[in-house]
Visitor: 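First, the structure itself, so that you have it in front of you.
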Amino acid sequence: MNYPPTAGSRWIMEPLHDRKKNILAVVSSFSIVIPSGVILYSFWKNNHMLLYNSMGICCGVISICIFLLTNICADKEKNVYSILGSGYLIAGILDFLYTLSDRDISGIRIYASYAEAVSILFFLVYMKRSINFFRPAGTVYFFCLTAVTSAVVYAQFNTDIFTNRGVLYAAGKLAGYTVCILFVIALLLIKFKSPVTGRKLSFWFSLSLSTAVFSELCFILYKDPSGIIAKAGFLSKIPSLYFMYKSVFIENILNQKASALRELNNKIEEIRLLNEKLGECERTHKSISRELDMIIDNIPGLVFYKDRHNRYTKVNKYLTDIYKKTKQELEGKSLFALYSRSDAENYYEDDLQVINSGTAKLNIEERWMTKTGPRWINVNKIPFVNADGEIQGVIGLAMDITDKKKYEEKILKLLAELEIEKTAALKSSFTDGLTGIYNRRYFNEVLSRAIAAARRKKHMLSIVMIDIDYFKNYNDLFGHVAGDECLKKVAGALQAAACRATDTLARYGGEEFAVILEDTDKKGALILARKMKKSVYALHLRHPKSRCSTFVTISIGVTTVTDAIAGKEDDLINLADTALYKAKENGRNRIEFCRPESVIDIHRPGKTVMP
């Protein structure tokens, strides 16, 4: 609980320079009251010499007190009263000299009135310009005043300038009127120019000047030094100085303290308002920070902030779920503590590219190792910029695409399987299920394309028809299973012989085979036919019921279109089949060639020419 301060505590809490001012004010008040009492007492006793001496001492003390009050301001550079105090310091010293001297030094007394009046007028003229000892004009004025004062004192004690009493009397009268005029000018300045601010200060200042004018007039008009007018002039000098002391006290002690208190209160109010604004800003900042945290936490993705040293500074809850850690465990931790050095360096290299270039890096696929195993993450990294425009790190927005990757892998696997199945189905539709070579359907498609290509390119085309000799007898002797094996082996031997990429071997039906030989003339076709015949015989498949050999053999019919091509596929097949029939009639295990009786001109399809 805060208790109100007591008088003692207030005294302790007061600044040191304020306590000095208060002590000086009390001491100076006693120094004014006590001599004033002595003067009054002496006045009523008609001891005018004691009155004058006491008055001189009192005036000197008050003048020096005014000087002290005007030079104990805390902020000396703003103390415009220091110029006024310098004039009263000179006047006080001269009053002491005048009072304590054992000889007549009226010249010094006259000059003291001038110094006081000139200092007051200079102060009022330059008050608003803040002229003081620390400004060039104030320094020059003080040194000039000091120099003139020194010259007057030297002339008073070391020359005969001020020894002529008639001259001194005339000079005193002139000085009195001049000082009165200067005081009146000062009063007019206060009245119309208002260089002195504040009602109290203006009142006491005007009262001091009015009393000083009255005092100077008494000095001008008195005839008898012990008369009432002279005594009134001397006695009114003390109130004049006291009123000036009062005005200086009000300004340098009361007004400054009140001004300091007002300034302090204003500062306190400013601090209170600043604290309120600061508190409001802090609350707003906390509110925005909480809202931002809520937004970041509820973004359906992985959000993180990283500094320039590859450390997490802020993460959301989805990222903590990935790592199976809390925010406190992740924030402030480097990636080098979470991953292997090679992986961490790869991630850090991406961060440095964003930081150094100042441009975002989007759609980066990274492989993160977590407690639940590796996960695939799609990351977008953008530079994190502070209020001064400096890049402090990166902001990451990422999506966990592990499930998507798994689905993609499954889809690719299924597509591969479908491609295999498609290839197998396509192959099965074009191949013979027993022998593995092409079937008759595929043979017919290839033959149609080969005829078209031969017409277009003017190439030769050969067809070979093959039949296993006495295959029915082989089946009857060894059975159908052995017969199927025989067909497979014969197909393999024929396939090995027709090894060119453009040669097409197919099972034409039963024990019959057919071969399409593109861009092959009669000679090449017969060479290939003999090679096939030898390959089959080289299998040495026993065939006891064959009438042409002890081993399985084949009969071959060959036809070749040279300059022209038959109009239909069936024409070529019939020609090759005719050649095969001749081979069978002529004893089998042989090769026969059949030349087409009529063909169609390549350049003019449909026109028949004789071979």
Side-chain angles (χ1 to χ4, degrees), residues 28-29 32-33 35-36 39-40 43 51-52 54-56 58-67 69-70 80-81 83-92 94-95 109-128 172-222 227-255:
S28 59
S29 297
I32 293 171
V33 172
S36 299
I39 292 169
L40 288 174
F43 175 73
L51 172 65
Y52 298 154
S54 300
M55 184 276 298
C58 185
C59 290
V61 171
I62 296 175
S63 297
I64 293 174
C65 288
I66 291 173
F67 168 75
L69 280 179
T70 58
V80 296
Y81 280 79
I83 293 296
L84 180 65
S86 64
Y88 277 97
L89 173 65
I90 298 298
L94 295 179
D95 282 336
R109 177 68 191 87
I110 295 171
Y111 175 73
S113 299
Y114 271 119
E116 179 184 358
V118 170
S119 296
I120 291 173
L121 194 60
F122 187 86
F123 162 72
L124 291 176
V125 170
Y126 292 99
M127 181 180 182
K128 288 189 176 182
K173 295 290 183 180
L174 179 61
Y177 287 117
T178 304
V179 169
C180 285
I181 293 171
L182 293 178
F183 283 151
V184 170
I185 293 173
L187 281 170
L188 294 175
L189 286 175
I190 294 175
K191 179 66 175 178
F192 297 104
K193 296 293 184 179
S194 300
V196 179
T197 58
R199 290 186 62 183
K200 278 190 175 181
L201 183 61
S202 179
F203 171 76
W204 289 109
F205 214 99
S206 300
L207 188 59
S208 173
L209 293 178
S210 300
T211 310
V213 170
F214 175 77
S215 176
E216 290 300 327
L217 288 175
C218 290
F219 289 148
I220 295 171
L221 299 175
Y222 81 91
I228 189 67
I229 296 177
K231 291 180 180 179
F234 282 114
L235 289 176
S236 60
K237 187 66 176 176
I238 295 177
S240 174
L241 292 174
Y242 177 74
F243 295 150
M244 183 60 69
Y245 165 84
K246 184 76 174 179
S247 64
V248 172
F249 177 78
I250 290 174
E251 175 60 24
N252 273 25
I253 301 297
L254 300 182
N255 287 357

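The residues of the chain are indexed from 1 along the displayed sequence. Values below: every heavy atom of this structure, side chains too, minus hydrogens, waters and symmetry copies.
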Visitor: To the nearest 0.5 Å, what is the distance between CG (L207) and CG (L187)?
Guide: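 Going from CG on L207 over to CG on L187, the span is 10.0 Å.
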
Visitor: If I compare all heavy atoms of V213 with all of C180, which pair ends up nearest, and what's the gap?
Guide: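 Heavy-atom minimum between the residues: O-SG, 3.9 Å.
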
Visitor: Could you tell me the separation between the CG atom of L217 and the OH atom of Y177, rounded to the nearest 0.5 Å?
Guide: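 Going from CG on L217 over to OH on Y177, the span is 8.0 Å.
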
Visitor: For F183 versus A212, what's the shortest heavy-atom pair and its separation?
Guide: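 Where F183 meets A212 most closely, the heavy atoms are CE1-CB, 3.4 Å.
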
